[in-house]
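Heavy-atom basis, side chains included; hydrogens, waters and symmetry copies ignored. Below, read A as the first sequence line, B as the second, and so on, with proteins coming before strands; counting in each chain starts at 1.
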There are 2 protein chains.
Amino acid sequence: MVHYKLTYFDFRGLGDCIRQVFYLANVEFEDERIVMKSDEWKNLKPKTPFGHLPVLTVDGLEIPQSMAIVRYLSKKFGFAGKTPEEEAWVDAIVDQFKDFGVSLRPYIYTIFENKPADVVEKTKKEVAIPACENYLRIINKILEKSKSGFLVGDSLTFADLVVADNLLSLHNDGFIKKGQHPKLDEFQAKIHNLPELKDYIASRPSTTF
Amino acid sequence: MVHYKLTYFDFRGLGDCIRQVFYLANVEFEDERIVMKSDEWKNLKPKTPFGHLPVLTVDGLEIPQSMAIVRYLSKKFGFAGKTPEEEAWVDAIVDQFKDFGVSLRPYIYTIFENKPADVVEKTKKEVAIPACENYLRIINKILEKSKSGFLVGDSLTFADLVVADNLLSLHNDGFIKKGQHPKLDEFQAKIHNLPELKDYIASRPSTTF
């Protein structure tokens with residue numbers, strides 16, 4: 001039996017969708033959770049391939065980068081799309097999600113750097129909210145065209161996991177209010193209530209992101 | 001015969017590696033080049049899937065996002081890695097390259113926003129150069145371990161195309177001086193002198209990035 005070890009921080013971030021793929025596939029894995037502000041991470045960081053987590057170890061072979069890992073496992077377990085074109089759209093949605101995350105950074109930095117409240121508010125209004133609205137419009141448009149309720153094709157892919165988990169973060173951060181985007185709320189509930197995921201989602205440590 | 005149309009701007013950017021995959025595979029494609037500051041792009045933008053270029057059109061089906069497109073074509077034409085683990089490492093390197101590009105943004109913005117010279121210089125020194133050194137260290141390390149001279153496995157993948165083209169940009173921008181990283185110079189020359197690419201690389205419009 002292949003031994004999988006996922007090394008990631010003790011929050012959801014970009015790594016939790018990897019954990020979810022294991023639960024969906026009902027495949028055992030070692031869920032190594034590292035505290036970010038710890039000596040453990042300080043010592044481990046220079047030993048990782050790219051200086052970052054997550055890292056997946058597959059029978060000793062290390063694979064870095066969250067989306068590379070989730071795509072690798074999803075292809076193995078059948079959650080990467082059913083045709084080359086579906087796979088391409090799954091990848092495109094996931095890259096669009098990553099670009100959206102990048103566009104939020106100027107706002108996130110104002111918080112991390114303890115900028116004055118008016119600067120935080122200005123960056124939120126001028127940068128974060130327009131970026132969020134643009135991203136949610138794209139996801140909404142895709143869901144409006146979907147007959148299955150999944151983002152791509154007629155079954156679950158890792159794009160659904162990534163987007164649903166991010167919607168939860170956007171709710172937690174106050175970017176989405178309950179009921180503001182019924183289609184997105186419905187989608188998030190559908191994914192997080194999948195029988196294979198429901199128990200894990202309910203029992204995982206509750207973190208803002 | 002499948003009709004491929006690549007719509008992208010008239011520079012290399014994130015889209016030229018897609019063009020290169022077509023040349024490597026010797027597959028015909030329509031190379032639609034749009035001027036960024038033009039009415040043509042202003043009119044086209046809202047009609048694209050995500051409001052961005054590149055977009056690949058495959059017999060009428062649109063696929064957005066540069067790395068999703070290059071992966072899609074590379075899988076079709078045999079440049080995506082030969083095993084699932086090679087594919088994962090190709091993806092990981094490409095995502096690391098994208099993260100590097102993101103980490104340069106604060107510096108690029110100081111130029112676009114015409115910040116005072118001392119601010120540009122400070123951001124270059126404190127943000128861009130460390131990010132660049134870290135990224136080049138990773139690529140160097142991978143190449144030092146490679147027996148084939150390619151980044152992954154024993155043959156060319158789209159990770160080689162993406163990284164080699166970016167090395168050219170880093171040379172153009174003065175981040176790398178000739179001879180400073182012999183292993184990287186050798187790698188870039190190897191890729192851009194491939195018989196299937198050489199003529200295209202020599203004849204494509206010369207742009208800084």
Smallest separation among heavy atoms of [X] and [Y], with atom names:
{"X": "A:W89", "Y": "B:P49", "value": "CH2-CB, 3.9 Å"}
{"X": "A:A92", "Y": "B:P64", "value": "CB-O, 3.4 Å"}
{"X": "A:A88", "Y": "B:A68", "value": "O-CB, 3.6 Å"}

*Below 4.5 Å, heavy atoms only, C-beta onward: do B:K98 and A:K98 meet side chain to side chain?*
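Counting from C-beta outward, B:K98 and A:K98 never come under 4.5 Å.
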
*Taking C-beta and beyond as the side chain, do A:Q96 and B:H52 meet within less than 4.5 Å on heavy atoms?*
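In short, these two side chains touch, coming nearer than 4.5 Å.
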
Against chain B, label [X] side chain, backbone, both or neither, depending on which of its atoms sit under 4.5 Å from a heavy atom there.
{"X": "A:I69", "answer": "neither"}
{"X": "A:I138", "answer": "side chain"}
{"X": "A:P106", "answer": "neither"}
{"X": "A:R137", "answer": "neither"}

*asked:* Surrounding NZ of B:K45 (heavy atoms of other residues, nucleotides or ligands, distance under 6.0 Å), is the total greater than 12?
replied: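 Counting neighbours around NZ of B:K45, more than 12 heavy atoms of other residues, nucleotides or ligands fall under 6.0 Å, so yes.
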
*Measure the spacing between CZ of A:R71 and CG of B:D91 and express it to the nearest 0.5 Å.*
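Between atom CZ of A:R71 and atom CG of B:D91 there are 4.5 Å.
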
*CE of B:M67 to CE of A:M67: how many Å apart, nearest 0.5 Å?*
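B:M67 CE to A:M67 CE: 16.0 Å, rounded to 0.5 Å.
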
